[in-house]
2 protein chains.
Amino acid sequence: MPPKAAKKPETAQKRDRTRAQVLEAALGLFRKRGFDDTSMRDIAVEAGLSLGAAYYYFPSKQSLVLAYYHEVQRAYEAEPAFDATASLEERLRAVLNRRLDLLRRDRPFLGALVRDVGSPDNPVMVFAPETADLRQRSIASFAACVAPEMAALPDAAARLLPTALWALHLVTLLYYIHDRSRGQARTRQLVDDAVALVVPAIMLANTPLAGPLFASVEQTLVRAGLM
Amino acid sequence: MPPKAAKKPETAQKRDRTRAQVLEAALGLFRKRGFDDTSMRDIAVEAGLSLGAAYYYFPSKQSLVLAYYHEVQRAYEAEPAFDATASLEERLRAVLNRRLDLLRRDRPFLGALVRDVGSPDNPVMVFAPETADLRQRSIASFAACVAPEMAALPDAAARLLPTALWALHLVTLLYYIHDRSRGQARTRQLVDDAVALVVPAIMLANTPLAGPLFASVEQTLVRAGLM
DNA sequence: GTCTATAACATGATAGAC
DNA sequence: GTCTATCATGTTATAGAC
């Protein structure tokens, strides 16, 4: 029998409920006052618990961030982001914009969440082993978006494409976080422009000249351990 | 007369000396024990000052990071990184490797320094207005490296090139920080590979087909306020 | 064994005296 | 300019309730 199996379902349910309460309290306060201006004590009070109890469920403030990431990815996967019969351009725009939509409410505190991108020791950073699962699921969702085109592409290009699109997604997110334009219109424009540039590039990957180029790029990334 | 002019040169000198002492103490401790394991109290003691006095010179721990950035850029500009008669490939490799060399001693704590990349409010982040001067100087140093080629390129491509190379530099730095291979050999390999990919791309920018492409890219970046 | 509460610690940062 | 005192907060230790 699995070691982590719940012996007492009711207990597990209570546990999950309390945990969800803490996360909910945290996100509510983050939205109202920002990440840095919300202390673990505030979160505990809001959740009706003591500080120690809050730490029992979330061993660090950053772990609340990780839980939030999971929540966002789950929400994304909950319903399809694009119409499979639409054009490549439309599908890409739909996916990238959907991700922005999902984060819209939380944009003011996203900056605090994604910090520590550069710290190799931080378990919550975008490239950490601890977030590999989320990363893979995110890349897979881009693969699903361009599945028809991937089938037609040369192998190396096809293997590169989903990760490349995920990287584009990260860039748009970073821009989104810093975007102070009304309704973040500039980010939406950037998405449109970037997609308009990327689509022809994907098509060009089918030309014979592009073959060796993509193979070289892939070799570089593989050598670097990035793929 | 300028408002910030030194009325009493001796005082200004002492001030600068004390400031330098604090920075020196901080960097020494960062190198020995890492950024997070060095407290402002440790730094103050090492510099022979009280905590409050240390904060008088550096209003935050992050401001020590900014001072460090300035120091590195100054060191880079102190002597030419490449031989102007060398090939484009050699020059690019020389510049990128030189920047890694300058940071080699401090690599273990670089991760802590570059964190907060995503926080719009952090004044020390790579894209903040407060670091615009450093960013411009860094981009300019790449422009100097490819000056001969820029003259031969179409306008849009020429304007894009230095910033693009600076972006490549940032990527190699991020990789360097996480690189645990012996002597960070993998980063050096990545630099070689990336330069080998980039140089032909720069040459291709001269073909008539590439003209509109670069113009589109530039328009996108300008629209986004990135150039 | 599962959960919760209280106390204490370390540290970044600030206020005010001199 | 420099110091001492103090605060706020992330985190840990520990004791005990159920």
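Lettering of chains follows the sequences in order, A, B, ..., and the numbering in each one begins at 1. Treat the numbers as computed from the prediction; the structure is a model and nothing was measured.
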- [ ] Treat primed atoms plus P, OP1 and OP2 as sugar-phosphate and everything else as base, then score nucleotides 7-13 of chain C 5' to 3': B for base contact with protein heavy atoms under 4.0 Å, S for sugar-phosphate contact only, - for none.
- [x] -B--BBB

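Listed by first and then second residue, the ring pair (Phe, Tyr, Trp, His ring centres under 6.0 Å) pairs that reach into residues 89-108 of chain A come to none, sequence neighbours excluded. Listed by first and then second residue, the salt bridge (charged side-chain N to carboxylate O under 4.0 Å, His left out) pairs that reach into residues 159-185 of chain A are A:R159-A:E218, A:R180-B:D121, sequence neighbours excluded.
Regarding contacts with the backbone of C:dC3, a side-chain N or O of A:R15 is found under 4.0 angstrom from either OP1 or OP2. Within the 4.0 Å cut-off from OP1 or OP2 of C:dT4, not a single side-chain nitrogen or oxygen of A:Y56 is found.
Using a 4.0 Å cut-off between charged side-chain N and carboxylate O, A:E77 and A:R74 make no salt bridge. Residues B:D106 and B:R31 are paired through a salt bridge, judged by an N-O separation under 4.0 Å between the basic side chain and the carboxylate.
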Can you give me every donor-acceptor pair (side chain of residues 160-174 of chain B, partner residue at least two apart or in another chain, under 3.5 Å) with its distance?
| residue | atom | partner | partner atom | Å |
| --- | --- | --- | --- | --- |
| B:W166 | NE1 | B:S138 | OG | 3.4 |
| B:T172 | OG1 | B:H169 | O | 2.7 |

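Partners of A:F35 under the ring pair (Phe, Tyr, Trp, His ring centres under 6.0 Å) rule, at least two apart in sequence or in another chain, are A:F30. With sequence neighbours left out, the side-chain contact (heavy atoms from CB on, under 4.5 Å) criterion links A:E89 to A:S87, A:R93, A:V195, A:A196, A:V199. Every residue meeting the side-chain contact (heavy atoms from CB on, under 4.5 Å) condition with B:S39, not counting sequence neighbours, appears here in chain and number order: B:R41, B:D42. Listed by chain and residue number, A:F109 satisfy the ring pair (Phe, Tyr, Trp, His ring centres under 6.0 Å) test with A:Y68 (two or more places apart in sequence, or in another chain). For A:D101, the salt bridge (Lys or Arg N to Asp or Glu O under 4.0 Å) test picks out A:R188, with sequence neighbours left out.
A:K14 places its NZ atom 7 Å from the P atom of C:dC3, with the value rounded to the nearest Å.
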What are the atom names and distances for every N/O pair under 3.5 Å that joins the protein to nucleotides 15-18 of chain D?
none

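Counting any heavy atom pair closer than 4.0 Å across all strands shown, A:Y57 reaches sugar-phosphate atoms only and no base atom.
Contacts between residues 21-31 of chain B and DNA chain C, counted as heavy-atom distances below 4.0 Å, involve no residue at all.
Five base pairs at each end of the helix from C:dG1-D:dC18 to C:dC18-D:dG1 define two local axes, and these are offset by 10° (rounded to 10°).
Geometric assessment of A:R98 against the ring of A:F82 yields a negative cation-pi assignment under the 6.0 Å and 45° thresholds.
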